[in-house]
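Every chain is numbered from 1, with letters handed out A, B, ... down the list of sequences. All values reported here derive from a predicted model rather than from experimental measurement. What's counted below: heavy atoms across the whole structure, side chains too, no hydrogens, waters or symmetry copies.
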Amino acid sequence: MPELPEVETIVRGLRKLVTGKEITEIISHRSGTISEERSETGEYGRITGIRRRGKYLLIDTDIQITIMIHLRMTGKLIFDKTEAGSQHLRAEIRFSDKTLLIFDDVRTFGKIIVMDSGKDVEHLSFLGPEPLETDFNEHYLSEKIKGRKAPVKNILLDQRIVAGLGNIYVVEILHRAGISPEREGGLLTRKEINLIIEKTREVLQEAISCNGTTISDYRSVDDKSGEFQNFLRVYGKEKCKCGAEIKKIKQAGRTSYFCPNCQK
DNA sequence: ATTGCTTCCTGAGCGC
DNA sequence: TGCGCTCAGGAAGCAA
């Protein structure tokens, strides 16, 4: 499940591998994976940069094309010379030097959109601030959360509130903050809001330095696993460090884990 | 405006 | 061995 730290790791890996390469072809191996939203179709150009916004990965080229990729749950980008290593090939980006960027995705939810540069801003305008930037702060979050009846867990998963958090990290952040995922968002105190922001930064930064979390499918571009799964404190666990049983519940269709002793 | 349910999809894991 | 079932979940779309 690539969330912000995993996408960030992939972006950093890709930058080293494909910056400067000329894209000759983008091939779809499954309908619905790629959508072309350019005003004119034609060449793609040479890669000038790779960026991330939330869980979206953006590839920019020198002829003002942006390729926006969302990996959803099982999407992977694999850099190689052949497609042989791909079990679930959905698309590929071919370069003039005969290397490839393979888009492999078991569950086929991932998407690639080819668009004119600048259009990405409109596409992504719904996203909330980046959790590691200063505009994700107490003032912002308390305004957004004010009067909300939904559980804090659901609010933090909402990409319009803050961009890039997914199930695993929200579960870990709330555990570190000592806040139950079932708490009503609008009733959180100032202190708790600050704690959420602080722990969000802490967890994400640790996860990025671990190259992400590999539970099942996630791999970086060079096919390496992340390491942060070794530091998870509640997600997928049965017992908390304090000795109490971890509770497992469903919220908004996703599994929440929390310690009733440490999280109030 | 907000909330919550359903949908998309495949593979792993389980009980029988 | 193999069948059928449940579960995993990000985000869009829709209904209340």
Using the test side-chain contact (heavy atoms from CB on, under 4.5 Å), find all partners of A/Val11 that sit at least two apart in sequence or belong to another chain.
A/Val7, A/Arg15, A/Ile50, A/Arg52, A/Leu57
For residues 164-175 of chain A, which residue pairs pass the side chain to side chain donor-acceptor pair (under 3.5 Å) check, not counting sequence neighbours?
A/Glu6-A/Tyr169, A/Lys153-A/Asn167, A/Tyr169-A/Thr213
Side-chain atoms of A/Asn167 come closest, of C/dA12, C/dA8, C/dG10, to C/dG10
Could you check whether atom CD of A/Glu143 has more than 12 heavy atoms from other residues, nucleotides or ligands sitting under 6.0 Å from it?
yes
Whole-Å distance between C/dA12 P and A/Leu124 CG?
10 Å
Applying ring-ring contact (aromatic ring centres under 6.0 Å, His included), which residue pairs with at least one partner in residues 111-155 of chain A are found, sequence neighbours left out?
none
Contact class for A/Lys250 vs. all strands (heavy atom < 4.0 Å): base, sugar-phosphate, or nothing?
sugar-phosphate
In short, ring-ring contact (aromatic ring centres under 6.0 Å, His included) pairs touching residues 15-61 of chain A with sequence neighbours left out are A/Tyr56-A/His70
By the 4.0 Å heavy-atom rule, please label A/Thr74 as base, sugar-phosphate, or nothing.
nothing
N or O in side chain of A/Lys144 less than 4.0 angstrom from B/dA1 OP1/OP2
no
Enclosure of A/Lys144 NZ (heavy-atom neighbours >12, cutoff 6.0 Å)
no
Pairs flagged by salt bridge (Lys or Arg N to Asp or Glu O under 4.0 Å) wherever residues 240-261 of chain A is involved - sequence neighbours left out:
A/Lys239-A/Glu245
Provide the full list of salt bridge (Lys or Arg N to Asp or Glu O under 4.0 Å) pairs with a residue in residues 70-83 of chain A, sequence neighbours left out, each pair given once.
A/Glu83-A/Arg94
Terminal axes of the helix from B/dT2-C/dA16 to B/dC16-C/dG2 (five pairs each): angle between them, nearest 10 degrees
50°
I'd like a table of atom pairs between the protein and nucleotides 3-12 of chain B - only N or O on both sides, under 3.5 Å - with the distance next to each one.
unit_1	atom_1	unit_2	atom_2	d
B/dT3	OP1	A/Lys149	N	2.6
B/dT3	OP1	A/Ala150	N	2.9
B/dT3	OP2	A/Arg148	NE	2.2
B/dT3	OP2	A/Arg148	NH2	2.7

Provide, to the nearest angstrom, the distance between the CD atom belonging to A/Glu143 and the P atom belonging to B/dT2.
12 Å
Return a table of donor-acceptor pairs under 3.5 angstrom between the side chains of residues 226-233 of chain A and protein atoms on other chains or two or more places apart.
unit_1	atom_1	unit_2	atom_2	d
A/Glu227	OE1	A/Asn230	ND2	3.2
A/Gln229	OE1	A/Thr214	N	2.9
A/Gln229	NE2	A/Gly226	O	2.8
A/Asn230	ND2	A/Glu227	O	3.2

Of all the choices, C/dA12, C/dG10, C/dA8, which nucleotide is nearest to the side chain of A/Leu157 once you look at every atom?
C/dG10
When the distance from CZ of A/Phe126 to P of C/dA11 is rounded to whole Å, what number comes out?
7 Å
Using a 4.0 Å heavy-atom cut-off across all strands, classify A/Tyr235 as base, sugar-phosphate, or nothing.
sugar-phosphate
